[in-house]
Amino acid sequence: SGQNGSGRFWLECTLGEAALVLGELTEAQDWYRRARTSGPKRYADLNSAKRNARLILEHRQADWDSVAAVFRIPRVGVFTGHMIDAPSRATPRFPSRLQDAVKQQLRHRIQSLDIGFGYASAACGSDILFLETLQELGREAAIVLPYAAEQFSRDSVNIVQGEAWGERFERVLATASSVTIASSLRLGEGGASFEYGNRYLEGLAALRARRLDTEIIGIAVWDGEETGALGGTSETIAQWQRSGLASEIIDLAELRRQAVIDSKCSNLGKPSPAPP
């Protein structure tokens, strides 16, 4: 392949290794940066080059921290969050009007945490918003469904008439880096299936982070209510805490409160109706 693609990437990594052998750390960093430009998403290959560089530096008894930054690989994010409110829901939790606010928060967290790989289910509401945001930012989105897509869509996607969640579901599935079905069977009312799907999801994300030698972090859209429902958002976050997984919470209750304040402020600015 000459100077293009894979050949260029590995040539520049080899030149970086040669510079490390000679003790030219600044030059080595420059070559590795060029390699990253030649292969911007060759993360598995970059991790292989990282192992070689670490061996060279260990042999030379040189400081790994002096070049570590050039090998940094984006984090893996594992996601959980509330579905959009069904029409039958008595007390608002995630009303549809908060979609833009939640998506803005998701965009900020994905960028600030440098999430390069996201793992989520694909229920209407938070899951689909997370997947869409990843894809809009050019990040990798992997989907794990607890059971078959057709049944899952009936149970957890097409629950609000007149909104395009079904179309959005099909679109994120079609553009995902991978779609995994955790089980061929739906267990009972779904709680056990969702719990199993969440564990499967976290396991895949952890394996990906381990293979790439990068960090894993949980991201959740949660209202702070600890319901304890099997497979629900609060129980998933509790499981993260038990396993020591670092997490970032987007506070859905605070977003609801802010929306009410904004609405009141907007109404204050409107002229009063003329008297009859």
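Along the sequence shown, the residues carry numbers beginning at 1. As a basis for the values below, the full set of heavy atoms in this structure was taken, side chains included, without hydrogen atoms, waters or symmetry mates.
Side-chain contact between V172 and F130: absent, with no pair of heavy atoms (C-beta onward) separated by less than 4.5 Å. Two residues are said to be in side-chain contact when any heavy atoms from C-beta on lie closer than 4.5 Å; P74 and F117 meet this criterion.
Between the side chain of S177 and the main chain of A141, a donor-acceptor pair closer than 3.5 Å is present. In this structure, the side chain of R256 engages the main chain of R93 through a donor-acceptor pair within 3.5 Å. The closest donor-acceptor contact from the side chain of T180 to the backbone of A182 lies at 3.5 Å or more, if one exists at all. With hydrogens and angles disregarded, a donor-acceptor distance shorter than 3.5 Å links the side chain of T133 to the backbone of L129. With hydrogens and angles ignored, the 3.5 Å screen pairs a side-chain donor or acceptor of N47 with a backbone N or O of R211. Of the possible donor and acceptor atoms, one in the side chain of H82 sits under 3.5 Å from a partner among the backbone N and O of D223. Using a distance-only test at 3.5 Å, with no hydrogens or angles considered, no donor-acceptor pair links the side chain of S156 to the main chain of S153. Between the N158 side chain and the R154 main chain, no donor and acceptor come within less than 3.5 Å of each other. The backbone N or O of A44 sits nowhere less than 3.5 Å from a side-chain atom of S48 that would complete a donor-acceptor pair. Under a 3.5 Å cut-off, the side chain of W10 and the backbone N or O of C13 do not form any donor-acceptor pair.
Linking ILVMFWY residues whenever their side-chain heavy atoms come closer than 4.5 Å, directly or via other members, leaves W240 and L207 in distinct clusters.
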(request) Start with the C-alpha gap between S247 and I219, add the side-chain angles, then the distance that decides, and say whether side chain to side chain contact (heavy atoms under 4.5 Å, CB included) holds. (result) CA-CA 6 Å; S247 60; I219 301 175; over 6 Å; no
(request) Tell me, with the steps shown, if V102 and F94 meet side chain to side chain contact (heavy atoms under 4.5 Å, CB included). (result) CA-CA 9 Å; V102 168; F94 187 176; 3.7 Å; yes
(request) Go through the steps for E202 and Q239 under the test side chain to side chain contact (heavy atoms under 4.5 Å, CB included), then give the verdict. (result) CA-CA 10 Å; E202 186 180 345; Q239 169 58 30; 4.1 Å; yes
(request) Would you please test W222 and S234 for side chain to side chain contact (heavy atoms under 4.5 Å, CB included) and show each step? (result) CA-CA 7 Å; W222 183 39; S234 64; 3.6 Å; yes
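The local environment of CG in D63 is crowded, with over 12 non-hydrogen atoms from other residues, nucleotides or ligands closer than 6.0 Å. Environment of CD in E58: crowded, with over 12 heavy atoms of neighbouring residues, nucleotides or ligands closer than 6.0 Å. Within 6.0 Å of CD in E226 there are 12 or fewer heavy atoms belonging to other residues, nucleotides or ligands.
Put simply, OG1 on T214 and CG on D114 are 8.0 Å apart, with the number rounded to the nearest 0.5 Å. Going from atom CZ of R36 over to atom CZ of R72 covers 6.5 Å, rounded to the nearest 0.5 Å.
Ring geometry for F71 versus W64: interplanar angle under 30°, hence parallel rather than tilted (30 to 60°).
Residues R257 and E254 are paired through a salt bridge, judged by an N-O separation under 4.0 Å between the basic side chain and the carboxylate. Using a 4.0 Å cut-off between a side-chain N of Lys or Arg and a carboxylate O of Asp or Glu, R242 and E235 qualify as a salt bridge. In summary, E12 and R34 do not engage in a salt bridge, as defined by a charged side-chain N under 4.0 Å from a carboxylate O.
Residues meeting the side chain to side chain contact (heavy atoms under 4.5 Å, CB included) test with T91, sequence neighbours left out: none.
Counted by atom type alone, R107 and Q104 present zero donor-acceptor pairs between their side chains at under 3.5 Å.
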